[in-house]
Amino acid sequence: MSGRFDFDAVVVGAGAVGLACAFALACRGLSVGVLEAAGAIGGGVSSRNSQVIHAGFYYPTGTRKAELCVSGRRLLYAFLDAHHIAYDRCGKLVVATRAAEVPALEALALQGEANGVEEMDLISGRDAIDLEPHLSAVAALWSHETGVFDSHGYMEALLGEIEDRGGALALNTPFDGAEPLVGGGFRVRAGGQEPTTITTARLVTAGGLSAQAVAGRIEGYPPERIPKAYFGKGSYFALQGRAPFSRLIYPVPVPGALGVHYTRDLGGRARFGPDLEFVEAPDYHVDPARAASMYAEVRRFWPGLRDGALAPDGAGVRPKLHGPGEPQPDFRLDGPELHGLEGLVALFGIESPGLTASLAIGEAVVEGLL
Ligand SMILES: Cc1cc2nc3c(=O)[nH]c(=O)nc-3n(C[C@H](O)[C@H](O)[C@H](O)COP(=O)(O)OP(=O)(O)OC[C@H]3O[C@@H](n4cnc5c(N)ncnc54)[C@H](O)[C@@H]3O)c2cc1C
């Protein structure tokens, strides 16, 4: 109990971002409750992604994505070290496979520099092939700070930190709605087997693909301030056989996504993807027919990919705020200046690099609330 409220802060959603927000609030000595509709933490967008720690050069300078990716990456590596969670700062090559792509690569390098990204080198195709002999490239941007990590171990560690500080997680407990209280704070309706109401001084919504539905259940939230939700499905294909590269390999980015890339997990299992397909509602079925375009994309940088080597391997769905062909908006951390409700931060559009940025998003949310 905390003063006249049950909690100092309630967070809706126990994905990487909701947990990071709860962690940041708990670190300030606040009592925190986390409501999660599912039966486990991190089962949403946070468990269907590339598990890449992004360096931060993709995002336009001055955006929240750029700022929170760079600061979030630094916080994340430190957190993983402190909690002995596995990661591999393996580095990544963004490759130009045609001379026409080189200016885009140079622009990425300049943007990275402006964003404060450390350890990037523009290298020749020859040097890239010396590093990764199976590659086809005319030039590459080598990011040493990029890595892969155990995102589930990370979320478990966040939960441990929250609970050590007295925070509480309620699983199978959907947020059903909230109403602002006279004099500040919120009364929150929590559903599930034993529906209940709780009061809180502050509310943070981190509902991932349901962010808009969650905000729509808060009394007094202006509907016109809730951005339209779009779903950007990304299918993955696993490589049957040995991983051909030791670093991650990405093409020059495409509008709305980073382009079909090569990642490997900590166990060395190689995957290609995710592609981008706008869908009406989240679904995770991978259509084997999408392999045809995947082969074509991958062979641009790895001509040695054999026919029949790719097998469907799951999909993720990006919580997007734009449709096909539209510019990609920034992360939205909407505070009272946008929706008029004191004590509330509503997150929208936390697609990539949300995992990398999660700890910095938590810090930014706390700054907006305290
Ligand atoms: C294909 C793909 C690849 C990606 N690759 C990367 C990458 O390599 N690196 C990177 O940094 N980022 C990547 N991302 C982005 C990253 O995965 C997300 O930004 C991040 O996981 C979002 O976390 P979240 O906590 O906001 O959402 P989620 O993990 O979806 O969590 C939201 C939670 O809210 C819960 N919830 C929903 N409604 C309610 C309700 N009413 N009541 C209670 N709980 C509710 C859900 O059950 C869920 O657990 C990728 C995303 C995709 C889709």
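Residues take their numbers from the sequence shown, with the count starting at 1. One-based numbering, in listed order, for ligands and for the atoms of each. Just so we're clear, the structure is a prediction, and the values are computed from it rather than from any experiment.
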Nearest heavy atom to atom 36 (N) of ligand 1, choosing from A40, G314, G207, belongs to G207
Among V17, T263, T146, which residue places a heavy atom closest to atom 25 (O) of ligand 1? V17
Tell me, which protein residue and heavy-atom name are nearest [atom], and how many Å apart are they?
atom: atom 31 (O) of ligand 1; result: G15 CA, 3.4 Å
atom: atom 17 (O) of ligand 1; result: N49 ND2, 3.1 Å
atom: atom 1 (C) of ligand 1; result: Y236 OH, 3.6 Å
atom: atom 10 (C) of ligand 1; result: L355 CB, 3.4 Å

With atoms numbered from 1 as shown, which atoms in ligand 1 lie under 4.0 angstrom from a non-hydrogen atom of V52? 7 (C), 8 (O), 9 (N), 10 (C), 11 (O)
What atoms in ligand 1 come closer than 4.0 Å to a heavy atom of G18? 25 (O)
Using a plain distance cutoff, I'd like to know if V317 has any nitrogen or oxygen under 3.5 Å from a nitrogen or oxygen of ligand 1. no
Answer yes or no: does an N/O atom from S46 fall short of 3.5 Å to an N/O atom of ligand 1? yes
Residue part near ligand 1, for L35, under 4.0 Å between non-hydrogen atoms: backbone
Please work out, at 4.0 Å between heavy atoms, whether the side chain, the backbone, both, or neither of R217 comes within that distance of ligand 1. side chain
Pairwise ring-ring contact (aromatic ring centres under 6.0 Å, His included) hits with a residue in residues 10-66, at least two apart: F23-F79
When you look at CD of E337, are more than 12 heavy atoms from neighbouring residues, nucleotides or ligands closer to it than 6.0 Å? yes
Report yes or no: does a heavy atom of G234 sit under 4.0 Å from some atom of ligand 1? no
Please verify whether a non-hydrogen atom of K233 lies at under 4.0 Å from ligand 1. no
Please enumerate all residues that pass ring pair (Phe, Tyr, Trp, His ring centres under 6.0 Å) together with H152, with sequence neighbours excluded. none
Do V317 and Y284 touch side chain to side chain, with heavy atoms closer than 4.5 Å? yes
Is the backbone of G207 close enough, under 3.5 Å, to the side chain of T205 for a donor and an acceptor to pair up by distance? no
